[in-house]
Structure formats: C-alpha cells, structure tokens
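These numbers come from the heavy atoms of this one structure, side chains and all, not from hydrogens, waters or symmetry mates.
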Amino acid sequence: MSVQNINQKPDEHSVVSDEHHEDSFITKYIFSTDHKMIAKQYLVTGIMWAVIGGLLSLLFRLQLGFPESNMNWLEPLLGDWIQNGKIDPEFYLALVTMHGTIMVFFVLTAGLSGTFSNFLIPLQIGARDMASGFMNMLSYWLFFVAGVIMFLSMFIETGPAAGGWTVYPPLSVLPQAISGSGLGMTLWLISMVFFIASTLMGGINYITTIINLRTRGMSFKKLPLTIWALFFTAILGLLTFPVLFAATLLLIFDRSFGTSFYLSDIYIAGEALSNVGGSPILYQHLFWFLGHPEVYIAILPAFGIVSEVIATNARKPIFGYLAMVGTMFVITFLSITVWAHHMFVSGMNPFLGSIFMLASFIIAVPSSVKVFNWLTTLWRGNIHFTPAMLFAIGMVSFFIAGGVTGLFVANSAIDIQLHDTYFIVAHFHLVMGSASFFGFLTGVYHWFPKMFGRMMHRGLGHLHFWLTFAGVYLVFFPMHYIGMAGFPRRYYSFTGFEVFRTFVDLNAFISIAAFITFGAQIIFLFNFFYSMYRGRLAPANPWRSNTLEWTTPRFPGHGNWPGEIPKVYRWAYDYSKPGAQEDFIPQTIPFSQTPESNLPEETKLVSEGLPEVVGEDLQSKLKEKGK
C-alpha cells in the first residue's frame, strides 16, 4: 500500500483502489505500514506492559500487606533485592517507580491511544490509511525501543530508577544519591526521550489524517465522538509532551554535563557540591505541565470509546453530541491551566494557589456535563449488556467516584492535609488508572470482531468484568479511608509507627483484593488469545453499529475497502429513530432511502433532490438554490 498524499482531493481519495500485493512476513507483521496491524502491535505491546506493571504492583503490595512476613521464598526471583526476609527498601522504591512509569506512559498513553487512534481513525473517517504510513510505523518502533530500554533497566546490577515516576530532582540528578539514581535513572531518561519522540510523531499523524483524509460527506459535525476524542488527545499531547522533553533534557544536562538547572546548595556526605542557582521547583513546574494533562491524555480516548459503546448498546442517539464535543474541547484547554494544583505544598504563594484551585474546580463542570449526557443516553434505553457495555458503565462509575474525590485534592486547604497520603493514590487510581483502563477494555471487547474477525466469549467477558469491577473498589475504596487518617504513601514499612499499626489488617485486605483483581485479568488474557484463533466467526456488523468501520469486509485488506470508499450522509448516532424499519441506520444510508424516519428538514432535502449529494457537492447545490 503506497503512502497517501495528504493533499489529495476527496474525489481522488475515494477512487484509490485496494492495492493487494504480496507481503512478506516482515512487511506484513513486523515493519507493517498498515494502520490496522500497527494498532494490533500497540495493543499486544500495551497488554504485555500492563501485565508487567501489574506484577510489579503485586510485589510491593506483598510488602505492604504483610510487612512482618518472611519473604525469603522470593529470593530465587529477586536475588539480593531480598534482605533479611524483606524486600530491599531501595528496590521497593524502584518497584513503585517502574509501576507508575509503565502504567502511565506505556499502558494508558501508548497502549490506549496508540491502539485505538491507529485502528479507528482511518476506518471511522473513511480513509485508506494514516497520512504517513511510514511515520506511523516509525512511531510504533520508537515506542518499542523505549520499552526495551526501560525493560532492560530492571536487570542491571544497581537496579532501575527509584525516584518515583515523577523522578523529582535532586534524587534523580545525583547518581551518587541512591543506587536507583545511577545507571537505572540514565536508562529511564533515554527511554523517555524515545517515548516522547514516538508520541509526537503519532500525534502529528493522527491530526493530519483527521483533517485531510475524511471521506466525502464526513464533515466535522458527522465525526464519531471517538474521533473527536482522539483528535483532542493528539492535540493535547503535542502541546504538553515537548515540555516534558525539555524537562528531561535539562535533567540529563544536570546529570552529565555539570549544569545546575535543578540543583543548588546540595551537600552529599557533608561535602558541598559546586552547583548553584538552580531550583528543583522548576522541574516540578515543567513536569506537571505535562503531568496533569497526562490524566486527560489517558482518559480522553476512553471518553470517546465509552460514548460510542453506550449509544450503540443503549440503542439511542448520544445525548448532547455538540455538548460532548464542546466539553472535550474545554477539558483539553483547562487541563493545561491547572498543573500547579499538584504543587500546593511546594511553597507556592497562597494567592497563586487560589487561582489554580479555582481552575481545578471549573474543570469539574465539563466533566459533569459528560457524565450527565452518558446517564441521559442510558435513561430508558434498550440496553444490551454486552461485556463492552458493562465495562463502559464501569468506566462511568469510576469517573464519578474519582471525580468526587478530585474535589478534595483540588482544594488547597484540604490538599495540604491529604498530600502524599493514600487518599491521593486512591483518587488517581480510580479516575485515571481504573477509568482509563476500563475504557481500554471497553474498546477491546467492542472492536475485537473488527480487529480479528472473531468474537470474544461473552460469558468469560462478564466474569472478567464483575471480578475486576468489584476488585477495583475493594482495592481503592479502603485507601481513601487510610489516606484521610494520614497513612503516607511511598513508605517501605509502616509498622515502626505505632499510629499506623492499626492499619495492618486493612492493608492485608487491600493486598488480597489486588491479587484477586490481577487474577481476573488472566481470564481476559485467556479469552483474548483463545478467541483470536478459536473464537466464533464474527458477522460483518455484530453490534448493529452505524459507523463506517463496520462497512468493511470481515478481514479488510491494506486499504480497508475494496473499491470505492463509502460516502457519508448522516451522523453516527441514528439509533431507534421513530418510524425506522431497523433500530439503526448506518452513516452510509442516504435520507432518500429512509422516508419513514426522516425529520422534517431531512424530508425537505429529499424533496429538493439533495439527499444523494454530500459534502462540497451539497454546499454547491445549496448555493445554486440561493440558500
């Protein structure tokens, strides 16, 4: 498949033929430029990283849940990282660091956005492929290289990075500070440089494709909400990831070239370092300028996926389409204006803190509008409880629960009390981790038939949902309680503090719930890989959806549609339209074919002979008629 010219006209675009040609194993499965194969590569890689990140969390939950137990049985696996029957304190910090890095960047960013941006954008807008197939392939392989470097850092003698996933200086700048600030931190920084380059290249490609390669009739007002969500996600990434790149680069300079961007008045073992003039607070500003929007980079794709799945399975039009688009735009804008609410305890001027507190509260408004619209779409719907629909409803539940606790941490006065406690851990794991991950699973269950031509097992999907849904609340709800009681995060051992010993049983409960929740994911992994080869063959449109991807063959080739790309006549949410013969009308059906369900303005278009023309043709016809 040749790379398309991004400047081609709609007419040229629509007549590009499906160029079937013989691919070798390498060009088809490894260095493929087909967006669908690249999406599968992101999906499988993201799942692999989710398993690794989850296993790391189980290791430190063992330490927290059973702090007095002898863990010598882990010595064959962890070697010298087990000391006197306990996990080594520095290795504990490394586990937390790697878990956070992997889950935030490699799973919730690359795994979620990379998978569904690649898979859905060309299929749902009616394009043969991304604007640049080669750049798309390069983006994935830069991500893969970043992952290899990060993975290798876990096996070096001094251990991986151990400064937290935020890698605050001076701990991350001074190799001599702790063992995890040495080579492991260097590899972490190199890995992130590759990762950011990958993300930026992908984002440019997504935006260019959406703007330039839409099929005839696919105006912005007819875009599915998934595309709007992925569009805003790409824009947000382009605006914020360069700032993290700059922060990382300055960190490398401080570590390797003797600069002092983040260092000043530092003493190591009684010896004063020569660094002067820098400030670690500068790094915090730069990091959180990406760090807070990163929450929305992770969850915006989930917004789009969940909106699509809820409308499809409620058999109702999405409530408030324009409001949903508008709120995503507002959230995108506001998310880069609230970073400093992560720094209320950094010595910030209280007046400045009040401004960021106000902005943080305001972002709750568009978020609430989205929740209202999802609930209203569900209201009196003919709900089909598919596994995808269950995970979509679960995502809404977590977003509500995590959003409410977000009001606590947005308040500067309350945040000072809650800062660096398990309340914060519980809050962001609900609203960012769990909600985004449920959005990811929603998408996997919904589009699996289009990805692999087979159906996942429905019963196993339901079992996976209920165990995971209950497990997430059992893990994170108690954390709010111990957090409000002042239980600190990042403490390797808490039994030395008499005040915290009362939480031993609750921590054991949380750890057991975490193990059960992780165990439930084995059901998903079995269902996923088994169904890929042995699942029931999927019909062309198993969910009776309206969007364009379901008009492709069961196994679409490189080019997606054999022959001409379908034209689009209507929006993506014509479900259960009064008078319609079916409870769904695909976007490719002209209004002239549905006279029984047309609205008055649509009937008028039909009577004027306009329903068979789309896009620019429609505009020219309307001008001819003086409208």
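- For the pair Ser412 and Met357, the tightest heavy-atom approach, listed with the atom from each and the gap, is N-SD, 3.3 Å.
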Inset, instruction - Take Leu249 and Leu189, measure what side chain to side chain contact (heavy atoms under 4.5 Å, CB included) needs, and give me the verdict at the end. - result: CA-CA 8 Å; Leu249 203 59; Leu189 294 169; over 6 Å; no
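- Checked against the 6.0 Å centroid threshold, Phe391 and His464 count as a close aromatic pair.
- A side-chain N or O of Glu294 and one of Thr109 form a donor-acceptor pair less than 3.5 Å apart.
- Residues Tyr481 and Phe423 place their aromatic rings such that the two centres sit no closer than 6.0 Å.
- The closest donor-acceptor contact from the side chain of Lys370 to the backbone of Met324 lies under 3.5 Å.
- Proximity of the aromatic rings of Phe143 and Phe106 is defined here by a centroid distance below 6.0 angstrom, and this criterion is met.
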Inset, instruction - Walk me through it: do Tyr206 and Phe231 pass the test ring-ring contact (aromatic ring centres under 6.0 Å, His included)? - result: CA-CA 7 Å; Tyr206 305 151; Phe231 183 62; over 10 Å; no
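- Using a distance-only test at 3.5 Å, with no hydrogens or angles considered, no donor-acceptor pair links the side chain of Ser264 to the main chain of Ser260.
- For Tyr321 and Trp228, the side-chain atoms include at least one donor-acceptor pair closer than 3.5 Å.
- Closest non-hydrogen pair, Pro170 versus Leu263, comes out as CB-CD2, 3.6 Å.
- For Phe518, the CZ atom counts as densely surrounded, since its 6.0 Å shell holds more than 12 non-hydrogen atoms of other residues, nucleotides or ligands.
- Between Tyr573 and Trp571, the ring planes lie perpendicular to each other; the angle is over 60°, past the 30° to 60° tilted range.
- Distance CE/Met451 to CG/Leu123: 9.5 Å, rounded to 0.5 Å.
- Inter-residue side-chain proximity for Ser57 and Met103 is flagged as unmet; no heavy-atom pair is nearer than 4.5 Å.
- Thr115 contributes a side-chain N or O that, together with a main-chain N or O of Leu43, makes up a donor-acceptor pair within less than 3.5 Å.
- In this structure a side-chain-to-backbone donor-acceptor pair under 3.5 Å is present from Ser367 to Ile363.
- The environment of OH in Tyr491 is sparse: at most 12 heavy-atom neighbours from other residues, nucleotides or ligands sit within 6.0 Å.
- Under 3.5 Å, the side chains of Ser139 and Tyr42 contain a donor-acceptor pair of N or O atoms.
- Screening Tyr92, Phe60, Trp165 for a ring pair (Phe, Tyr, Trp, His ring centres under 6.0 Å) involving His99 leaves a single residue, Phe60.
- How far CG of Leu187 is from CD1 of Ile149: 7.5 Å, rounded to the nearest 0.5 Å.
- A donor-acceptor pair under 3.5 Å is absent between the side-chain atoms of Thr442 and the main chain of Met395, judged by distance alone.
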Inset, instruction - Assess whether side chain to side chain contact (heavy atoms under 4.5 Å, CB included) is satisfied between Thr421 and Met479, documenting all intermediate values. - result: CA-CA 9 Å; Thr421 70; Met479 282 189 190; over 6 Å; no
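- Considering NZ of Lys222 and CD of Gln124, their distance stands at 15.5 Å, rounded to 0.5 Å.
- The local environment of CZ in Phe151 is sparse, with at most 12 non-hydrogen atoms from other residues, nucleotides or ligands closer than 6.0 Å.
- Taken from OG1 in Thr468 to CD in Gln521, the straight-line distance is 4.0 Å, to the nearest 0.5 Å.
- Checking side-chain atoms of Arg255 against main-chain N and O of Leu250 turns up no donor-acceptor pair under 3.5 Å.
- A distance-only check finds a donor-acceptor pair linking the side chain of His427 to the backbone of Gly402 [under 3.5 Å].
- Each side-chain hydrogen bond (donor to acceptor under 3.5 Å, both in side chains) pair with one or both residues in residues 338-352, not counting sequence neighbours, appears once here: His285-Trp339, His292-His342, His341-Ser360.
- Side-chain contact between Ser434 and Phe476: present, with at least one pair of heavy atoms (C-beta onward) separated by less than 4.5 Å.
- The nearest pair of heavy atoms linking Pro317 to Thr377 is O-CG2, 3.7 Å.
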Legend entry - Residues Trp188, Ser153; criterion side chain to side chain donor-acceptor pair (under 3.5 Å); working and verdict: CA-CA 7 Å; Trp188 190 98; Ser153 77; over 6 Å; no
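- Between Thr405 and His480, some side-chain heavy-atom pair lies under the 4.5 Å cut-off.
- Between Leu112 and Ile305 the shortest side-chain heavy-atom distance falls below 4.5 Å.
- Panel note: side chain Ser198, backbone Leu142; no donor-acceptor pair is recorded below 3.5 Å.
- Shortest non-hydrogen contact noted between Thr233 and Ser113 is CG2-OG, 4.0 Å.
- Annotation: Trp543 is not in aromatic contact with Tyr445 [ring centroid separation under 6.0 Å not met].
- You'll find the side chain of Met432 stays beyond 4.5 Å of the side chain of Tyr296, heavy atoms only.
- With no hydrogens or angles considered, a side-chain donor-acceptor pair links Thr45 and Tyr140 at under 3.5 Å.
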Inset, instruction - Verify side chain to side chain contact (heavy atoms under 4.5 Å, CB included) between Phe319 and Trp374, making sure each step is shown before the conclusion. - result: CA-CA 7 Å; Phe319 184 87; Trp374 287 323; over 6 Å; no
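- No donor-acceptor distance shorter than 3.5 angstrom exists from the side chain of Asp415 to the backbone of Asn411, with no hydrogens or angles considered.
- When all heavy atoms are compared, the tightest approach of Ser117 to Leu230 is OG-CD2, 3.3 Å.
- A distance-only check finds a donor-acceptor pair linking the side chain of Thr386 to the backbone of Met389 [under 3.5 Å].
- Using a 4.5 Å cut-off on side-chain heavy atoms (C-beta onward), Val107 and Ile47 make no contact.
- To the nearest 0.5 Å, the span separating CZ on Phe232 from OG on Ser335 amounts to 11.5 Å.
- Side-chain contact between Val409 and Ile414 is absent, with no heavy-atom pair separated by less than 4.5 Å.
- Atoms CZ and CD1, on Arg214 and Ile125 in that order, are 7.5 Å from each other to the nearest 0.5 Å.
- The number of heavy-atom neighbours closer than 6.0 Å to OH of Tyr473, taken from other residues, nucleotides and ligands shown, is above 12.
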Inset, instruction - Go through the steps for Glu549 and Trp447 under the test side chain to side chain donor-acceptor pair (under 3.5 Å), then give the verdict. - result: CA-CA 9 Å; Glu549 73 272 26; Trp447 280 287; 2.8 Å; yes
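- A side-chain hydrogen bond (donor to acceptor under 3.5 Å, both in side chains) with Asn118 is found for one member of Asn136, Thr209, Asn205 and no other, namely Asn136.
- Contact annotation: the side chain of Asp254 never approaches that of Pro169 to less than 4.5 Å [non-hydrogen atoms, C-beta and beyond].
- Among all heavy-atom pairs drawn from Pro224 and Glu308, the shortest one is CB-OE1, 3.7 Å.
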Inset, instruction - Go through Tyr168 and Gln284 one step at a time and tell me if the side chain to side chain contact (heavy atoms under 4.5 Å, CB included) criterion holds. - result: CA-CA 7 Å; Tyr168 277 175; Gln284 293 189 31; 3.7 Å; yes
